[in-house]
Amino acid sequence: MRVAVVGGGAVGVTAAHDLAQGGADVRLYERDEQLGDTRTRPRDRVEGSSHRAAGVLAPRPTDAVGAEIASRALDRFEWLSERDHRFTVEPTPQVTLVGADAADKQATLRETVAAAGEHGVDVACHDPASIADRFPALDFAGVGLAAVTERAAYATPGPGAYVAAMADRARDAGVDCWTGVEAGISHRGDGPRVDGERFDAVVVAGGGWTKRLLAPTGIRLPLKPYRVQALVAGADYEGPMVHDADAGVYFRPHPAGLLAGDGTVPEECDPDGWEPGGDDWFVDGALDAVANRTAHDAGADAAWAGIATATPDGEPLLGEVESDLYVATGWHGHGFLRAPATGEALAEQVLGEREPIEAYAPGRFEGVPEFAVEEGMSL
Ligand SMILES: Cc1cc2nc3c(=O)[nH]c(=O)nc-3n(C[C@H](O)[C@H](O)[C@H](O)COP(=O)(O)OP(=O)(O)OC[C@H]3O[C@@H](n4cnc5c(N)ncnc54)[C@H](O)[C@@H]3O)c2cc1C
């Protein structure tokens with residue numbers, strides 16, 4: 001079986017690797033010159049999101065499919081971390097904080113934590129006073145409710161290291177990697193093609209470019225790329241990963257000190273036309289939130305943006321869109337932490353070893369519904 005994978009981010013390299021391991025003859029197309037890197041912060045240019053992610057691996061799935069994907073992804077991250085010296089998974093609990101006055105957010109946090117707990121996630125709500133001794137790096141003033149996800153981690157030196165490590169494994173498994181190639185997709189009656197060449201199956205793992213990549217086929221995806229942001233500050237922070245739900249900011253330890261993020265701009269952007277630097281309002285707000293919750297008052301050493309992808313119901317688009325043409329996108333800012341499992345699930349589907357995941361089926365909508373990009377990380 002000859003399979004083309006278009007897009008060499010975390011999802012594409014995983015799918016390519018797993019397809020080759022499963023016996024397929026795989027060619028991977030990536031328009032960037034490189035598959036992954038070991039940088040701790042991204043370049044100042046438009047590029048794939050797997051180079052620009054914050055590397056937070058703190059899933060809190062609220063349904064069975066999400067729980068299976070999240071758990072499998074963490075297992076595979078840990079497996080790779082034990083075997084590849086370039087990529088490390090640092091186990092660190094994640095603490096979510098909601099203000100004493102935010103009754104609605106507290107109720108939502110309790111609901112999502114209960115649902116995640118029912119699906120096997122090691123997470124619980126706490127009175128902030130009861131966990132203050134455990135997390136001395138944090139100031140819990142004004143916090144009404146906290147939740148701690150115990151099995152969480154972050155990727156270091158950066159998310160690109162996962163891509164680099166998996167790409168090497170993909171090459172070892174026989175994947176033919178074509179980098180520096182901007183591929184074009186078509187689908188005539190006889191099946192999918194890349195740059196005119198017919199393959200038995202084509203997987204489009206083009207992140208925020210996926211809708212544009214499919215446009216020549218006439219397939220319209222309910223998908224919107226939008227900007228999200230992160231920064232690195234030289235603060236000497238060694239506490240847990242934190243999601244401050246009131247401030248709309250998360251932060252975690254980083255080799256250079258501390259990484260903070262979110263900065264969602266809730267509107268569709270041109271995947272090739274976004275500003276790669278961080279916005280002042282995001283930098284100021286994120287650093288304020290960090291100063292509020294920790295003893296650190298450092299300035300930003302670097303701030304950047306990248307694209308995330310939204311769908312009408314917040315679930316991914318993973319599966320077949322036309323005969324033998326598959327997509328994997330729509331991660332709502334959580335595509336890196338799921339990539340080892342979503343890439344695998346799609347590979348298994350293409351190889352006929354797994355049934356499609358119905359909740360993620362790209363054709364589950366009536367036509368192409370109108371929808372708004374949701375603001376910020378949801379609780
Ligand atoms: C600032 C920021 C912070 C984030 N933090 C997190 C986080 O902490 N945890 C998390 O889980 N997620 C996070 N995300 C989201 C995460 O980065 C993405 O969901 C994930 O990287 C998507 O991976 P992907 O492989 O689907 O897409 P990408 O990594 O974007 O890969 C798509 C690839 O397709 C290539 N491509 C496009 N067009 C073509 C073409 N015509 N031919 C060939 N190649 C093409 C692109 O160059 C790109 O490399 C963050 C994102 C940003 C921007």
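For ligands, and for the atoms within them, numbers begin at 1 and follow the listed sequence. Just the heavy atoms: all of them, side chains too, but no hydrogens, waters or symmetry mates, feed the values below. Just so you know, these numbers come straight off a predicted model, no measurement behind them.
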Test of proximity, [X] against ligand 1: N or O pairs below 3.5 Å:
X: Asp32; result: no
X: Trp209; result: no
X: Gly55; result: yes

So do Arg198 and Arg2 actually touch side chain to side chain, heavy atoms under 4.5 Å?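 No, every pair of side-chain atoms sits at 4.5 Å or beyond.
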
What protein heavy atom is closest to [atom], reported as residue, atom name and distance in Å?
atom: atom 13 (C) of ligand 1; answer: Gly333 O, 3.2 Å
atom: atom 11 (O) of ligand 1; answer: Leu337 N, 2.6 Å
atom: atom 42 (N) of ligand 1; answer: Ala183 N, 2.9 Å
atom: atom 39 (C) of ligand 1; answer: Arg31 CD, 3.9 Å
atom: atom 34 (O) of ligand 1; answer: Gly7 CA, 3.3 Å
atom: atom 52 (C) of ligand 1; answer: Val228 CG2, 3.4 Å
atom: atom 49 (O) of ligand 1; answer: Glu30 OE1, 2.7 Å
atom: atom 25 (O) of ligand 1; answer: Val11 N, 3.0 Å

Just do the side chain to side chain donor-acceptor pair (under 3.5 Å) check on Asp37 and His51 with the steps written out, would you? CA-CA 8 Å; Asp37 55 47; His51 293 268; 2.9 Å; yes

Whether Ala308 lies under 4.0 Å from ligand 1, heavy atom: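 In this structure, Ala308 fails to qualify as a contact of ligand 1 - no heavy atom is under 4.0 Å.
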
Presence of salt bridge, [Y] and [X], under 4.0 angstrom:
X: Arg227; Y: Glu275; result: no
X: Asp176; Y: Arg171; result: no
X: Asp246; Y: Arg293; result: no
X: Arg86; Y: Asp84; result: yes
X: Asp270; Y: Arg212; result: yes
X: Arg83; Y: Glu78; result: no

Heavy atoms only, cut-off 4.0 Å: how does [X] contact ligand 1, side chain, backbone, both, or neither?
X: Gln229; value: backbone
X: Thr329; value: neither
X: Ala205; value: backbone
X: Thr309; value: neither

Counting heavy atoms only, which of [options] is nearest [atom]?
atom: atom 26 (O) of ligand 1; options: Tyr250, Phe336, Tyr154, Trp331; result: Trp331
atom: atom 6 (C) of ligand 1; options: Pro276, Ala54, Gly12; result: Ala54
atom: atom 23 (O) of ligand 1; options: Gly9, Gly335, Ser50, Pro42; result: Ser50

Would you please say whether a donor-acceptor pair under 3.5 Å links the side chains of Arg60 and Thr96?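 Yes, because at least one side-chain N or O of Arg60 sits under 3.5 Å from a partner of the opposite role on Thr96.
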
Numbering the atoms of ligand 1 from 1, which are under 4.0 Å from a heavy atom of [X]?
X: Gly306; result: 53 (C)
X: Val181; result: 42 (N), 43 (C)
X: Val56; result: 7 (C), 8 (O), 9 (N)
X: Arg52; result: 1 (C), 2 (C), 3 (C), 52 (C)
X: Ile307; result: 53 (C)

Counting neighbours of [atom1] on [X] that are heavy atoms of other residues, nucleotides or ligands and sit closer than 6.0 Å, is the number greater than 12?
X: Arg43; atom1: CZ; result: yes
X: Glu353; atom1: CD; result: yes
X: Asp101; atom1: CG; result: no

Steps toward salt bridge (charged side-chain N to carboxylate O under 4.0 Å, His left out) verdict (Arg27, Asp195): CA-CA 12 Å; Arg27 186 184 300 157; Asp195 291 341; over 6 Å; no

Donor-acceptor pair, side chain of Ser81 and main chain of Val89, under 3.5 angstrom: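 Flag set: sc Ser81 to bb Val89 pair under 3.5 Å.
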
